[in-house]
Amino acid sequence: MLTSNQIMEINHIVQIGRVLLDEHDRYSYSFDASFGTYLPDAVVQTKHVEELAELVKFANQEGIPIYPRGQSTSLSGGPLPVQGGIVIDLSVMNDILDIDEEDLVAVVSPGVLTSAIHKAAEEKGLMYPPDPSSSHVSTIGGNMAENSGGPRGLKYGVTKDYVIGLEVITPEGEIIQTGGRTVKNVTGYDLTKLIVGSEGTLGIITKAILRLIPKPPATATLMAIFSNLVDAGRAISNILSSGILPSKMELMDQASIIAVENYQPMGLPKDAEAIILLELDGHPLALQDEIIQAERLCYVVGASQVKIPKNDMEKEEIWRARKLVSPAIVRIKPTKISEDATVPRSKIPEMCERLQEIKRRYQVHLVLFGHAGDGNLHPNIICDKSDAEEMERVEKAVAEIFTAAVELGGTLSGEHGIGNMKAPFMEMELGTVGLDMMKRIKKAWDPNNIMNPGKIFPEPGQKLELK
Amino acid sequence: MNETMEQLRQEFQYDKTNQCVQCGYCLPVCPTYMSMGKETHSPRGRINLVKMVGEGRITDLSVLEEPLSLCLGCRACETACPTGVEYGSILESARAALVKRKTFSFPTRLVRKMMFKKVFPSKSLMNFTGHSFWLYEKTGVQKLMRKSKLLHKLPHHLGEFEAIMPKAASPKQRAHSYSYVKAKGERKYTVAFFTGCIMDAMFHKINDLSIRLLAEAGCDVYVVDKQTCCGALHAHSGEMNDAKELAKRNIIAFEEIEADYIVNNAGGCGAMLYEYAHLLKEEPKWKERASVFSAKSKDISQILISCGGVPDLKIRENERVTYQRSCHMTNVQKVTAEPVQLLKGIPGIQFVEMKEANMCCGSAGIYNMVNYDESMKILDEKMKHMKETKATVIITTNPGCLLQMKLGIERENLSSSVKALHLIEYLADAAGMK
């Protein structure tokens, strides 16, 4: 709890912004899109970087935890104020969005919506490739903290691949610059890459320079239906090894197909075991050739049907099927545990088998879809959090999903981050020394452990809890 | 207060809040989140507060009052929600649960009781209101008030609203109300017209024009005498029992006529009529009748389009028209294409869509009077987008939006170059009706 003196001082520091102390406001910043409710002692909104740095300096002196927050769409608990303290709502810092066509960069404030960057870049014939599904509501600051991905990760990589410079408030309240406006920059340690994806544990990003690329002139889409999930997996690797690099390659399993059909019938075959959706981008003439090649490759491995839409409307209709998966599955039961365990591409079929096994063993409603092209699957468990017995089985199933991913040479998180939910599994992936090296970095940056404490690193004895 | 957690949960519809996966997709479409910049004033934030009550984490219910009362109830969040959370229903129940426990100050209680129980539901009192407006204009009191600057001293910014009041219908015009108008030419439908309370008191002429336009387009139009207020203002203020009572009175009144459709011309009322089925779903005696009523309720634009549009529209020149959508028409009735289609059917006009056309204008029933400052922030944003279109005419399909647009025009000093009209007024004018 903050003392009244501390509150007075905070109110004194925050002049341009505002400090929210009412119970209703504090509860409004107590959650994200994952699990758990943690009440902060105060919420601060300010557009002023120096003022914010001053506040962090004070918090560091007093040992008050600080939690940077975007629009809280996080699925891993990134912005949750797990130890009380101050939530910093950076969604209000949304004033800068400059596109520099000559340098091919965008300079942005952290509160700018990612979709706004997409739009601004496109208006100038450019593209900011990372495209998390939540881009119209998530902030670029949140994307950077969690190193968000999206369907285009296959061809273009994730957020960190496009951040080349940062302005950051350190946990001790200093303002530093990392990187710059050049794509090539090898001066010293790459702090930019270290901070992107550090989930707000090393500082607060207050400005960023993003790399842009020319927008591909055209796209082409394909939908292939398979009666066998393993065949679908083989189609994915065949296409990728044939020299075609799709911009998106999405998978829907039978459970997701059935869920979508029951929710909004659109003529998907319920008896199919998998559907693959493919998007290619590039020069229109090249696409004409590649899409036919991709179609042939799908048939070769046993696709029962391949559809190539003829116009934008048909194209949209095909992608709608994929977009409907999330809303469709929550109609089955209210609680959705969305995981993002990722495996090497070659292990996708094996991962699929392991997931089916987990589904059977723990009798959970597991639905599988996701970005198959880069191995970033989204096993989703649909459950009801008011059912304690079921949640216990779900906890075990989730733990086993992580284990399977790591055992197959993959990772705990492809794009959602670790937050507080996956912290207990970190050692499994990184090893004791690997995790310790990370802890040492944290210690060097944030000696008083005020910056987003309780994230990434497990507390002793911490377990996954969904109840 | 001796009540169990279970009771609270039921009253607040806690179960429905579990449908919310807190993805935040509602944030960018919420006008109050945008204008106030706090999660507390977002749909996700409000649902969370109700959830916290259901989980016993918030015990002081007064914590919910401000966040819930500052919601416009535009329900854009429902349209944006990927998981189909019934926000409107959660908001309604939570407000009702708060109202039930709240002791209003004596004057507030009196005003609420008078307005909700006596004035809106009473045809004669609403008529009286209409007459008063007319008298106010005719007797010179209006002139006097405006001159004396007394208007600025009125509470709730009534002065500002006074300036935008539509020209009142005279008692004579009011007395001459249609009860039946025969279709011109071949009859396509038989319809019953819903007059609405405020619509009839303040926009009597638009109702008249609506009836004539329907006939012109090929409908036999009946105006049922015993109909009453739709109950929307009651439901939105948490007075659910009154809302249900009015719904039943309307159902009985309209069952007298075997109409193909029950037609209204006010987005807010239309949405309420459309939701009678939902409102009365737990009353076995009424469920079926309410469903029939709701299924028949249509916005006038839908019927005009079904009839093939308004015949004989004359060319209009040099008019740039934009359309301020009624939230309840867009997000509840999901009527979005027809009004635009009707507008585009008028030869000669240039139709320009404004940016963020689906955002609420801040009118929201009596929100603009109760929460004046917040409403004006939302209106100012709307007017910014309106000005970008360079429109000379703003079309609306709801009385509240119409008044709000007029207020916006006044605030921006645009009254010499821009006018706000109800779609029906505009269509009727284009059809040469007086």
Side-chain angles (χ1 to χ4, degrees), chain A residues 17-18 20 22-37 39 43 45 47 69-75 79 87 89 91-92 94 111 113 115-116 133-139 142 263-264 323-331 333-338 380 382 384-386, chain B residues 9 14-30 32-71 77-78 80-86 94 98 355:
Chain A
R18 59 181 173 183
L20 313 177
D22 288 339
E23 197 179 350
H24 56 236
D25 287 328
R26 290 192 292 127
Y27 266 113
S28 296
Y29 291 82
S30 68
F31 62 90
D32 66 357
S34 71
F35 279 79
T37 308
L39 198 60
V43 180
Q45 299 179 314
K47 286 172 177 287
R69 179 191 191 269
Q71 292 215 103
S72 234
T73 59
S74 175
L75 290 162
V87 167
D89 178 15
S91 69
V92 297
N94 58 3
L113 295 187
S115 62
S133 306
S134 58
S135 63
H136 63 286
V137 52
S138 57
T139 62
Y263 172 49
Q264 266 184 35
K323 284 200 186 112
L324 284 176
V325 177
S326 285
I329 57 179
V330 288
R331 304 291 161 121
K333 277 183 187 181
T335 312
K336 178 176 120 171
I337 319 266
S338 178
N380 272 248
I382 309 305
D384 183 350
K385 72 170 176 222
S386 60
Chain B
R9 281 186 187 175
Y14 168 75
D15 281 353
K16 283 191 177 160
T17 65
N18 276 326
Q19 284 292 329
C20 174
V21 293
Q22 299 169 345
C23 64
Y25 282 28
C26 53
L27 299 178
V29 302
C30 174
T32 53
Y33 178 68
M34 297 315 257
S35 68
M36 296 183 227
K38 273 202 249 175
E39 183 82 38
T40 322
H41 299 304
S42 76
R44 181 174 69 168
R46 295 182 181 114
I47 290 171
N48 176 65
L49 288 173
V50 172
K51 203 187 268 184
M52 293 295 102
V53 170
E55 287 169 12
R57 297 176 71 120
I58 291 180
T59 47
D60 173 10
L61 297 181
S62 69
V63 164
L64 270 69
E65 266 170 34
E66 187 201 285
L68 292 185
S69 72
L70 283 176
C71 172
C77 48
E78 282 185 27
C81 179
T83 63
V85 176
E86 294 173 51
L98 288 183
K355 240 201 259 168

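Labels below follow one simple rule: chain letters A, B, ... track the order of the sequence lines, proteins then strands, and each chain is numbered from 1. Predicted model, so just to flag it, every value in this text is computed and none were measured.
To the nearest 0.5 Å, atoms CG (B:Asn48) and OG1 (B:Thr17) are separated by 8.5 Å.
Here the shortest heavy-atom pairing between B:Tyr14 and B:Gly54 reads CD1-CA, 3.6 Å.
With chain A as partner, the option from B:Glu66, B:Arg57, B:Met52 having the largest number of non-hydrogen pairs under 4.5 angstrom is B:Arg57. The most heavy-atom pairs under 4.5 Å with chain B, out of A:Lys323, A:Arg18, A:Lys333, come from A:Arg18. Between chain B and the residues A:Arg331, A:Glu23, A:Lys336, the largest count of heavy-atom pairs under 4.5 Å involves A:Arg331. Among B:Arg46, B:Lys38, B:Gln19, the residue making the largest number of heavy-atom pairs under 4.5 Å with chain A is B:Lys38.
For A:Thr139 (side chain) and A:Gly142 (main-chain N/O), a donor-acceptor pair under 3.5 Å exists by modelled atom type. A distance-only check finds a donor-acceptor pair linking the side chain of A:Ser72 to the backbone of A:Phe31 [under 3.5 Å]. Looking at A:His136, its side chain never comes within 3.5 Å of a backbone N or O of A:Ser115 through a donor-acceptor pair. Of the possible polar contacts, none joining the A:Ser91 side chain to the A:Gln71 backbone as a donor-acceptor pair under 3.5 Å is found.
Looking at A:Ser326, neither its backbone nor its side chain comes within 4.5 Å of chain B, counting heavy atoms on both sides. For chain B, the nearby part of A:Leu20 is the side chain; its heavy atoms alone come within less than 4.5 Å. Looking at A:Asp22, neither its backbone nor its side chain comes within 4.5 Å of chain B, counting heavy atoms on both sides. For A:Ser338, no part lies under 4.5 angstrom from a heavy atom of chain B. When heavy atoms are compared at a cutoff of 4.5 Å, A:Tyr27 approaches chain B by way of both its backbone and its side chain. Of the atoms belonging to A:Arg26, not a single heavy atom falls under 4.5 Å from chain B. Only the side chain of A:Lys385 comes within contact range of chain B, with heavy atoms under 4.5 Å apart. Of the atoms belonging to A:Ser34, it is backbone heavy atoms, and not side-chain ones, that fall under 4.5 Å from chain B.
If you check the side chains of B:Gln22 and B:Arg44, you find no donor sitting under 3.5 Å from an acceptor.
The shortest side-chain heavy-atom distance between B:Thr83 and B:Tyr25 does not fall under the 4.5 Å cut-off.
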